[in-house]
Structures are given as C-alpha cells and as structure tokens.
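Contents: one structure, followed by commentary.
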Amino acid sequence: MSSDAVSNITPLAVETRSLVKAFGNSKVLRGVDLCAPTGTTLAILGANGAGKTTLIKLLSGIMCPSSGQVIITGLELKDNARKVRSLLGLVAHQSYLYGNLTAWENLDFYARMYGVEKRETRISDMLKLVGLEVHRHSRFSTFSRGMQQRMALARALLHHPSILLLDEPETGLDQQGLGAIWDILRYEGANRTIIFASHSFERALSVCDNIAILGRGRIVYHEQACNLNLAGLQQKYAELTQVVKS
Amino acid sequence: MKPKILLLVSSLLILASLAMVFVFVPTEANQGVIQRIFYFHVPVAWVAFFAFFVTFVAGIVYLVKRNPLWDMMACVSAEIGLVFTTLVLITGSIWGRSFWGIWWTWDARLTSSLVLWLIYIAYFIIRAYISEEERKARFAAVVGIIGFVDVPIVALAIQLAPTAQHPNGEIFHGGVKGLMLVTLLLSIAAFTALYLLFMVVGISIKKDERELAGIKEAMKE
Amino acid sequence: MKFWTHVAAIAWKDILSELRTREIITSVLVFAVLILVIFNFTFNADSSLMRQIAPGILWVAFVFSGVLALNRAFIPEKEEGCLDGLMCCPVEREAIYVGKALGSLFFMLLVEVVVLSVFALLFNIAAFQPEIIVVTLLATIGFVAVGTLFSAMAINTRAREMVLPILFLPIITPVIIAAVSAVTLVLDAKSWGDIFSWLVMLIAFDVIFTVVSFMVFPYIIEE
C-alpha cells in the first residue's frame, strides 16, 4: 500500500540529486543530477575518466557519495541500503564471480545472498538464458571472456532486479558476444529500468530511450534518444568535449 | 593567539618544573640522583597514554561524523604519543642502566611500553601505505581504536607472564610526599601543557597542508 | 536468522573453494612444519631443554602460519572484484566479517591439528591434552577475530602482504603470551586450576576483539 503511494508520487526508478564523490582532494563527480523513469533505458556516455564507473558504483551502493543523494524507486539509498540493494542488479567491469567455484556454485552462492526463492529452478533458468547450461559444472576460471560476461549477467539478473546497472558491458566482447548480451537484455529487460555506461554512440542510440553525457564529473547533456541521430550526437559530443577542454 | 598563550604557559611551567627537579627537590635516599629522571619519565608516560586515548576517541568520532578535522586530531595526537612513548623508553632505559646495570631488560613496564610503541608504529605504517585521504582516515581510526583497546590487555598479560620476573625497582620509595609530590604534579602539568601546544600547532599545520593540497588540485584544472 | 544464512553461505563458499584447490591449507601446513624443523636446527638443544622451549616453538609456528593464512583470506574477494559483488548484496556488512572469519577459523584449526600431531611426534610431547586443545582453540579464535579485520585492511593498502604482520603481531601479543604460558604450565603437569587465569585472559581477548572487530569491519570495506 505505502510503496504504491510512494511510486505514484515519484515514478522515477533512479534519481540522483547533486551527487558529489571526491577521492581525497580530487572530485570525480561534482554534482550529478540524473533521472531515469521506470521502464526506460538510459545510456551514460563519456570519455575515459569522466566518472562513469564511479557513478555506477554510487548508484549500486558499493560506494558512498561524499555528498548528495541517490534515490531508487523513491527510497533514499543511504537509509534503505539493504532494501534498495535487493532491487538492483549490477554488471561491472569485473565479473564478481569466484574462479575456483563452478558456474552453478557461483550462482547458488549469490542466490543465497539475495534470498532467491526456488533457487534450483531459477539458477538453471538463468544458465539456460545465458546459454551456459552445459558448462554448469565447469569452474568459472576456465571460462572465456564472453562466457564470463554472460555469467556476470546471469548473476545480475538472478534475483529479478527491477533496475539493472551495466558498466560498459561490451568491453572485451566480440560481435557475436555483443549480440548475445543484448538479446538477453531485451528478453529479460522488457519491463526493467536499465542504466548503462558506454562509449559506443551507435549502441546507445539503438537501444536507449534517453542519453546523458558525462563530462568531467557533471552531466553536460541529457536528451531523449528519439530526438537524436548518430551524426548529431557525435557532433554534439565533440562540441561539448571541446568546450570543456578550452 | 591561542598557541601563543599556550606557548607562554607551557614555557613557564617547564622552567618552573626544571627548577624544582634540579634545584629544590631533595635527592631520593636509595637511588640517588638518577631517581630525578622520574619527574620526566612519569609525566611523559602520562602524556603518551593520554595522547593515545585522544587518538582513540577522535577515531570513534571520525567514524561517526566523517569530519576530517577529527582525523587530523587523531593523527597529530598519535604522533605526539609516539614521540613521548619513545621518550618513555629512553628515560626508562637510562634509569635501568643505573639501577639494574643494563640498558634493557624484559621488565613488565618496559616491555609493555615497547609493544605500545610498536602498535602505534603500525598506525603510521598503515597511514603511509594508503594514498586516498578518506580511506586513510578510516583505517587509521580503526587501528587507533583496536590498538587502544589492546593496551590494557597487553599490560596485564605481560605483568602475569613468568618471563617478566625481573626485580621491579620501586620508583618512589615509601610513597610520594611533600616536595616530591609537588614537583611531580608540576612536571605533569608542564608536559600536559606542552602536549596541548603541540596539538594546536600540529592541527593547524595539518589544516594548512589540506588547504594547500586543495589549492594544488584546483590549479591542475 | 537471515544473518546466519548469509554467514553460512560465505563461509561455505570459502571452504568449498579451498577444498578444491587446497592452496592455503597445503602451503600453510608445509610452512608451519618447516618452522618446527628449522627451530630444531637453530637451537640444537638436548631433549630436556627442548621440552622447555617447545611451547614457544609451537606458537611461533601457529602465529606465523596464521599470518600466512590470513593474508590469503581476502585475495579471492579481490581477484574478480567479488568483495564489491558482496557489497551489492542485500546483506549486512557484519555478515561478511563473520563468514570470512569462520572460513579462516576452519582452515587454521585444520592446519593446527596436523601441526600439533607433527609437533607431538618430533618433540616427543603429549600434545593432545584437553587443556592444550582448549587453549589452542581459544587462541585461534582470537587470532582470527583480529586477523580477519586486519586482512581486509591489508588488502586495501599498497603494501598488501607486508601490512598484516606489522598490524597483527603487536595486537596479538597478549594471546601469544597467554597461550605459551598456559601450554608451558600444562606440559609441567599442571592442570585446569593453574591455567585458569590464562584461560580467562584468552576468553576476554576473544570476546572483546570479536565484538570490536564486528563493529568496525563495515568501516573497513566501504568505499
């Protein structure tokens, strides 16, 4: 009842308010205001070192912001950490999986940690989804990069998260692997809010509803994808990075 | 303003205590003149312990409030504590040379002080191996807390240990009375004032360093 | 109750992974036995003197092999960023501490059983007396309580492996003193009453440092 009331007031799945993260004296994020309505896909574009990974880590609750707020489905992350974390799925640069455990054992461990119900069926469904069913009893360390990335995705989707955070899910993948990942996301991500960090304009335009550009710790551009084309976006990006450099 | 007053107060107190220790206080009958080192040894030990207590409390407050000022306070206090623990070891050793005829013995008090010294050496090693300020402060706070909690247990264990049965020298034979007590108290006051002076100056240096680092960072952009 | 489910899951995956590779247990065990052997050479003493210093040798072996084992405790959590993965889970940070500590406790006890047997054999000492077993258990809990915290800390510093012994050894001096003194008394055919004060000290250390480490651990792993 009460959660319905909250979501009526704020239909935003993810919102940040003047988010700042400083490491010592260097501010990586300097006041990020971002929002992603429920069920939409938001791409965060930016050069290396723009703060994409830090932003994703702040959204996922791994890092605490120096100041500002992260609000997930109307709940402030800081005050509802465990509730919010159970709503989030994260695919980061690293797989977060244990090399000495098998695919099955890895997923079983995280299923226990997330309190997933009907573990066995869920895990085998996930392994089927990412096409690693035959490798269920192979050690994770023997997997190729593409398989590892698919495992990371299975891990992130295990507990039916309503929000999925992806940090450059495409690094190190070949064309075939890329296709597979996005097929899985489309299949499982039908009703989900997805936020992903990337530096691929093409991908961002083809899969996203909204696009934000992160430059030197701030959101310098925020636009609906339907208003943009690739050339326009690239030009805009060039302009923005020019401005920042000068 | 404030450091100047502290400087004045601690200078006067130290001069007064020096006068007491070297001129007015009577020489202890059993140990002779070497016993006078205790008018420094005891206050220095007191300041060292108090300094680590401040580090402990400031560490807890830092973890709760996350204000870098508390970390500066913890760090400066630990620095002073470490220097003063070193002085405790040196003065203790000098006295031991005279009383026991050797510089070092695994006497309970000396050994406890040495372990204490090693714990706070570790405190600074941890600080040195972390570059990121915020994490440095957090880890240091944890070491400051664990270390201080450990101190009484270390002292008790060493006290009980069969290896520490060296004849303990009595510091103040027959209790501290009269002029001896006055001298000791004056000396404690002097060293405490000195501690406060070091704290105030140390923290202001840390603040300046932080400000400077901030300016450097701003210049880069 | 959920807390303990998470603790059990974390401890179990460590044990499972370790039993598969036996990386920690094998190398720590060999290291501990080497310490026993090397002490035998360095002192080259007759059997009566050896009996006197035997408890000290045993605890040097336990402490140094403990440092080695604890140093490894958080390495698997860093390799694929797994600690971040754990931080994403809707789990209390404290559960991570307890789970990791139980895993390390299991490995160390396993190593200690073997080392104690080797020790009994090499030094011709009746090592498996109930008093010695209790002392070893209590001391190991103390090691692990502090060691797990410091291990998590060490992995997040630049020097990594070098930091743990520097932090760990001075803090656990009371445990070493208590354990060596108690074992010496037991080998002198003293019994429970004589080692009582040492047992109290070990229990006090275990309780205090389990509680304190439990409370401060979340501050170590946050970013």
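Every chain is numbered from 1 and lettered A, B, ... according to where its sequence line falls, protein lines coming before strand lines.
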Exercise for review: Pick one of side chain, backbone, both or neither for F217(C), based on which atoms fall under 4.5 Å of a heavy atom in chain B.
Suggested key: neither
Exercise for review: Would you mind checking which part of E132(B) comes under 4.5 Å of any heavy atom in chain C, side chain (CB onward), backbone (N, CA, C, O), both or neither?
Suggested key: neither
Check your understanding: What option among A178(C), P170(C), A154(C) has the most heavy-atom pairs under 4.5 Å with chain B?
Key -> P170(C)
Review point. Would F191(B) and W46(B) count as a close aromatic pair, with their ring centres under 6.0 Å?
Key: no
Point to revise | Exercise: identify the closest heavy-atom pair between M153(C) and L167(C) | key: SD-CD1, 3.8 Å
Exercise for review: Identify the residues of residues 49-65 of chain B whose heavy atoms come closer than 4.5 Å to a heavy atom of chain C, ordered by number, or report 'none'.
Suggested key: L63(B)
Would you tabulate the side-chain donor-acceptor contacts of residues 115-126 of chain B under 3.5 Å, counting partners in other chains and residues two or more places apart, or write 'none'?
residue : atom : partner : partner atom : Å
W117(B) : NE1  : T86(B)  : OG1          : 2.9
Y123(B) : OH   : R127(B) : NH1          : 3.2

Review point. A155(B) versus chain C, heavy atoms under 4.5 Å apart: side chain, backbone, both or neither?
Key: neither
Review point. In Å and rounded to the nearest 0.5 Å, what is the CD1 to OG1 distance from I53(C) to T184(C)?
Key: 11.0 Å
Exercise for review: Sort M215(C) into side chain, backbone, both or neither according to what part of it lies under 4.5 angstrom from a heavy atom of chain B.
Suggested key: neither
Review point. When rounded to the nearest 0.5 angstrom, what distance separates OG1 in T140(C) from CZ in F62(C)?
Key: 6.5 Å
Check your understanding: Distance from F168(C) atom CZ to I166(C) atom CD1, nearest 0.5 Å?
Key -> 13.5 Å
Review point. Do you know which of V175(C), I176(C), N156(C) has the most heavy-atom pairs under 4.5 Å to chain B?
Key: N156(C)
**Study point:** Best-contacting candidate, I146(B), L114(B), V154(B), V149(B), against chain C by heavy atom pairs under 4.5 angstrom
**Key:** I146(B)
Check your understanding: Do E131(C) and S191(C) have side-chain atoms, one donor and one acceptor, less than 3.5 Å apart?
Key -> no
**Study point:** Polar side-chain atom of R72(C) near backbone of I24(C) as donor-acceptor pair, under 3.5 Å
**Key:** no
Check your understanding: V91(C) and A95(C): which non-hydrogen atoms are nearest, and at how many Å?
Key -> CG1-CB, 3.7 Å
